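Proteins come first, then strands; the chains are lettered A, B, ... in the order of their sequence lines, and each starts at number 1. Keep in mind the model is a prediction, meaning the values are calculated, not measured. These numbers come from the heavy atoms of this one structure, side chains and all, not from hydrogens, waters or symmetry mates.
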Number of protein chains: 2
Amino acid sequence: MADQRPLGVRIEDVARAVGVSRATATRALRGQGRIAAATRERVERAAAELGYVPNLMATELAAGGTGVIGLMLRDAANPVYGALFSALELAAARAGVELVTVTIGADPGGERQVQALRRLLGMRVAGLLVATGGVDSAQLEPFAAEVPIVRVGRPEPSAAIAAESYDEEWHGALLASRVRELGHRRVVVLGASAETSYGEHRRGEALVAALGGVAVQRLTTGPDPGDGVGAALTEAAAGATAVLCTSDVRQLAVLRALAARGTGAASTGWDGLTPGVDLLGLTTVRVPVEDAAEAAVSRLAGVLDGEAEALPAHRAWRGELLTGRTLSEVER
Amino acid sequence: MADQRPLGVRIEDVARAVGVSRATATRALRGQGRIAAATRERVERAAAELGYVPNLMATELAAGGTGVIGLMLRDAANPVYGALFSALELAAARAGVELVTVTIGADPGGERQVQALRRLLGMRVAGLLVATGGVDSAQLEPFAAEVPIVRVGRPEPSAAIAAESYDEEWHGALLASRVRELGHRRVVVLGASAETSYGEHRRGEALVAALGGVAVQRLTTGPDPGDGVGAALTEAAAGATAVLCTSDVRQLAVLRALAARGTGAASTGWDGLTPGVDLLGLTTVRVPVEDAAEAAVSRLAGVLDGEAEALPAHRAWRGELLTGRTLSEVER
DNA sequence: CTGAAAGCGCTTACAG
DNA sequence: CTGAAAGCGCTTACAG
């Protein structure tokens, strides 16, 4: 039977119930140090009976640190972050480490980002996973010497901070060659400005760089997926045969507008994580979230286990092209 | 300039740098109690210069509790949980409370669930949001007297625990009347068994109950969205005109199988949270995650602010029917 | 307005 | 194998 106020039970109460000291109760419960089997059993039973839940703040303060890894995440409603979150969680479970997550949604001022960072650092996490662009290198760097930090799923400009991201140059080349192969010679690249989303910006750059021989009209817009769709379609009406988007949600917005206007144009996306991507027939790149997540967690786990790290600071993972009907051959 | 090891800086260091006591430094930094403006400024400056990040474990231990709300979440890769997570995060930001999240993915043994629960309780969170069915009432109840607990997005059998969920009876009726209206007289309801997913099970029940006058073949299966799809289509081939699914991902699996076989059959889903739900033309129910999230957070915030609660323990929110081309009129 | 002291709940050498 | 004591870093009455 659990006590009426289980969270009020202290180790002292457990110890007293058994007639031992706090130190002994601690040893029994943590299974560390020499302890008589009989004593351990009695303590364990008492703890269970009293519904003892150790106060983690006290435990970790006394023990001098957490074994937990902190994760800073961005809006999970976005399938990209949802999938990444999930993959990180899975990787952490496999590696046997616990994850504590703090999310920051849309936050223009950046105020909440800093708050989240301080909360995690304040918890003295053993490692930090940063899966948002909202907090930049300069904010992270001062702590890099203290706690291992890995940026995941996004590029990291600073060499002082490790990163497991995606090989967007490769992905851009994948998409570009498909575009060219299908005969497109004039396209519009629809993406975000560097300030809005550095990740999307870089994708746009990669795409443009890989599109040699194709006339490119570049459109950079705000964060809303619908931004710039009108302008893109105007371009399409003026002769561009495809609208290349730097994220799947942007492509969905394009498809939506296309459907509304009853006009046709080819399009591509970037992510490949939307649940019905196959049914929607999206041509896109499936970004390797699982690889990046696994790599990031095991990198951190390695550091925590005290293994020497001989890894390059930044690694980029390669996904694959998904070919769907949204990008079809150009009619001549 | 930040120190080389900012996380090693204690309030004592800050206090010494300024030449005041720890108590004064605390007051200056927390802005509580009477303090000279000049002193406060000097302390604040020193803290910034030293890169002081308060040790939250010590802070909260000394202060006797957190102001943080804990969230237990299930796999965020599922758009349903991703959307709920995001809505909770938004609601928390609005209410000015911080959220700390612990996720449990697929966990057959339930071991990680318990661990996650203990971690959150061990952190002495001020309130607990439970957005997973993985931890049951019996596990929660012992703590309900100690910390306010709200289950969100899922039904809660125990009256001792508050819940903000969805009015699935209403949703079932919405779908059923649409099904009937379009002339379907023989359908299959494809969902999960009670053990696999209590939520989906309940949806199935609600649907069947609302389908009076329609011949229903009920298929309950495992957790994998693809489970039972084959059997459902066999039913369809045998004369059922629609496959009603208790989640959108299940419906996607049905659509996929249908496309693969080149056969046709109507279908419905349940969630309405998949990003391209409109483009996919899904007929489904858009579940009111935002309402439930908002209600759950403000209920907790209310308790934390010490407001008397005159709310019913369980509330259910109503979403709306999304009509798409996946459910069409029956040809005669 | 400020400081000395006690205490939050737990852990960990150090003796025994 | 077990206990007394010191300490983790911070806060909060209590005096002044």
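Comparing B:Ala58 and A:Ala25 against DNA chain C, the residue whose closest nucleotide sits nearer the 5' end is B:Ala58. Closest-nucleotide positions on DNA chain C for B:Val20 and A:Ala62 were compared, and the one nearer the 5' end corresponds to B:Val20.
Residue contacts for A:Gln32: at a heavy-atom cut-off of 4.0 Å it reaches the sugar-phosphate backbone alone, with no base atom in range. Across all strands shown, B:Arg30 has heavy atoms under 4.0 Å from sugar-phosphate atoms exclusively, and none from any base. Across all strands, B:Leu61 comes closer than 4.0 Å to base atoms (heavy-atom distances). Nucleic acid contact for B:Thr26: base, since at least one base atom lies under 4.0 Å from a heavy atom of the residue. Using a 4.0 Å heavy-atom distance criterion, A:Ala36 is classed as a sugar-phosphate-only contact.
Nucleotide D:dT11 holds its C1' atom 13 Å from the CG atom of B:Leu56, rounded to whole Å.
Of the options A:Val125, A:Val68, A:Ile69, a side-chain contact (heavy atoms from CB on, under 4.5 Å) to A:Leu99 is made by A:Ile69 and by none of the others.
Qualifying salt bridge (charged side-chain N to carboxylate O under 4.0 Å, His left out) partners for B:Arg119, counting only residues two or more places apart in sequence or in other chains: A:Glu60, A:Glu98.
Of the listed nucleotides (D:dT2, C:dT11, D:dC14), D:dC14 has the atom at the smallest distance from the side chain of B:Arg27. Considering only the side chain of B:Ala23, C:dG3 comes nearest among C:dA6, C:dG3, D:dT2. With distances taken from any side-chain atom of B:Arg10 to the nucleotides D:dG9, D:dT2, C:dC10, the minimum falls on D:dG9.
With both pairing distances under 3.5 Å, D:dA13 is matched to nothing as a Watson-Crick or G-U wobble pair. Across the strands present, C:dA4 finds no partner; the criterion is a Watson-Crick or G-U wobble pair with both atom distances under 3.5 angstrom.
No donor-acceptor distance shorter than 3.5 angstrom exists from the side chain of A:Thr103 to the backbone of B:Ser86, with no hydrogens or angles considered.
OP1 or OP2 of C:dG3 sits under 4.0 Å from a side-chain N or O of B:Thr24. For D:dG9, neither phosphate oxygen OP1 nor OP2 lies less than 4.0 angstrom from any side-chain nitrogen or oxygen of B:Thr59.
Nucleotides D:dT12 and D:dG16, compared at atom C1', are 16 Å apart to the nearest Å.
Under a 4.0 Å N-O distance rule, the pair A:Glu49/A:Arg45 does not qualify as a salt bridge. Salt-bridge check for A:Glu164 with A:Arg151: failed, with every basic side-chain N at 4.0 Å or more from each acidic carboxylate O.
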